[in-house]
Amino acid sequence: MSAPVSTDAEPAWSPADDRGPDGRPSLDLLVWDAPNIDMTLATVIGARPTAASRPRFDAIAAWFVGGADADDVEACVFANVPPQHVTTLRGWVEALRSFGYSVFARPKSRPDDDIDQSMLDHIEVRAHSHQLRRLVVFSGDGRNFAEPLEELARAGTEVVVVAFSEVAGYASSSELLRFVDIEDVPGAFAAPLDRVRLDSLPVDGAWLRPTKSLRDAAAAYATKHP
């Protein structure tokens, strides 16, 4: 687990070669918003994600490294850890580390605890210590990321947002950010997700199945409007 990030100082452990503002090495950086990606995955498939429906981090690492053109690459996953899930998440964290990802893990003590600021702090640290050539952000959270990411893009960093098209309008509509649907990353999922993307409908159209039975919907209405 990496040390807490800060804009005031470098992390105690760093996977990249930090040589300071003068003669800085170039870097391609990937940051992954684990709570957001997990939540939005559940939204687009209409069910709780399982091991079979979650992204494959080894395939994503291969895609990221394959598109890199910098002196160094770094991939970081940011996660909140609820106390009741410490044991179950341990294997996931160790798997991430074995795939070459550093992990910033923080206890989740309240429902509104988030790790977005930790992600932004780390991006700022790397933008200072390196020539940040490419930044790949896995998050559909436009509220916290849209403005700072567009600022980096204006400063010359190639910024790529990877998320689900259903929830990442801030990136797909931006003239400064490049958007990639996570399912378009080769090998990101072992099998196609059970979703219908309105941005890639077949020319002949597609049937969109209901996510709730008609009888259940009618019963819910009758309960609210006796």
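Using a distance-only test at 3.5 Å, with no hydrogens or angles considered, a donor-acceptor pair links the side chain of His225 to the main chain of Tyr221. Although no hydrogens or angles enter the test, the distance criterion places a donor-acceptor pair under 3.5 Å between the side chain of Arg134 and the main chain of Phe64. A donor-acceptor pair is defined here as one N or O able to donate and one able to accept, closer than 3.5 Å; no such pair exists between the side chain of Ser53 and the backbone of Pro49. With Ser173 contributing its side chain and Gly169 its backbone, the two residues share a donor-acceptor pair below 3.5 Å.
Listed here is the closest heavy atom pair of Ala70 and Arg133: CA-NH1, 3.8 Å.
In this structure Ser26 satisfies the side-chain hydrogen bond (donor to acceptor under 3.5 Å, both in side chains) test together with Asp71, sequence neighbours excluded. Applying the side-chain hydrogen bond (donor to acceptor under 3.5 Å, both in side chains) rule to Arg178 yields no partners; only residues at least two apart in sequence or on another chain are considered. Checked against ring-ring contact (aromatic ring centres under 6.0 Å, His included), Phe145 has no partners two or more places apart in sequence or in another chain. Qualifying side chain to side chain contact (heavy atoms under 4.5 Å, CB included) partners for Ser213, counting only residues two or more places apart in sequence or in other chains: Arg215, Asp216. When the side-chain hydrogen bond (donor to acceptor under 3.5 Å, both in side chains) test is applied to Asn36, no partner is found at least two apart in sequence or on another chain. The side chain to side chain contact (heavy atoms under 4.5 Å, CB included) test applied to Ala127 returns Leu132, Leu152, not counting sequence neighbours. By the ring-ring contact (aromatic ring centres under 6.0 Å, His included) test, Tyr101 is found to be paired with Phe57, residues two or more places apart in sequence or in another chain being considered. Evaluation of the salt bridge (charged side-chain N to carboxylate O under 4.0 Å, His left out) rule for Arg195 yields Glu166, Asp181, Glu183 as partners, not counting sequence neighbours. Listed by chain and number, the residues in a side chain to side chain contact (heavy atoms under 4.5 Å, CB included) with Val167 are Thr40, Phe164 (sequence neighbours excluded). With sequence neighbours excluded, the residues that form a side chain to side chain contact (heavy atoms under 4.5 Å, CB included) with Pro148 are Leu120.
Listed by first then second residue, pairs satisfying side-chain hydrogen bond (donor to acceptor under 3.5 Å, both in side chains) with a partner in residues 142-156 read Asp116-Asn144, Asp141-Asn144, Glu150-Ser174, not counting sequence neighbours. Applying the salt bridge (charged side-chain N to carboxylate O under 4.0 Å, His left out) test to residues at least two apart or on different chains, the pairs with a partner in residues 44-68 are Asp38-Arg54, Arg56-Asp58.
Side-chain contact between Cys76 and Leu30 is absent, with no heavy-atom pair separated by less than 4.5 Å. Using a 4.5 Å cut-off on side-chain heavy atoms (C-beta onward), Val81 and Val93 make no contact. In this structure, the side chains of Ser102 and Phe78 stay at 4.5 Å or more apart for every pair of heavy atoms.
A continuous path of Ile, Leu, Val, Met, Phe, Trp and Tyr side chains, each step under 4.5 Å between heavy atoms, connects Val136 with Val65, placing both in one hydrophobic cluster. Clustering ILVMFWY residues whenever any of their side-chain heavy atoms sit less than 4.5 angstrom apart, transitively, puts Ile45 in a cluster other than the one holding Met39.
Of the inter-residue distances, the one linking Asp72 atom CG with Glu74 atom CD reads 7.5 Å to the nearest 0.5 angstrom.
Of the candidates Phe99, Phe104, Phe138, Trp32 forms a ring pair (Phe, Tyr, Trp, His ring centres under 6.0 Å) with just one, namely Phe138.
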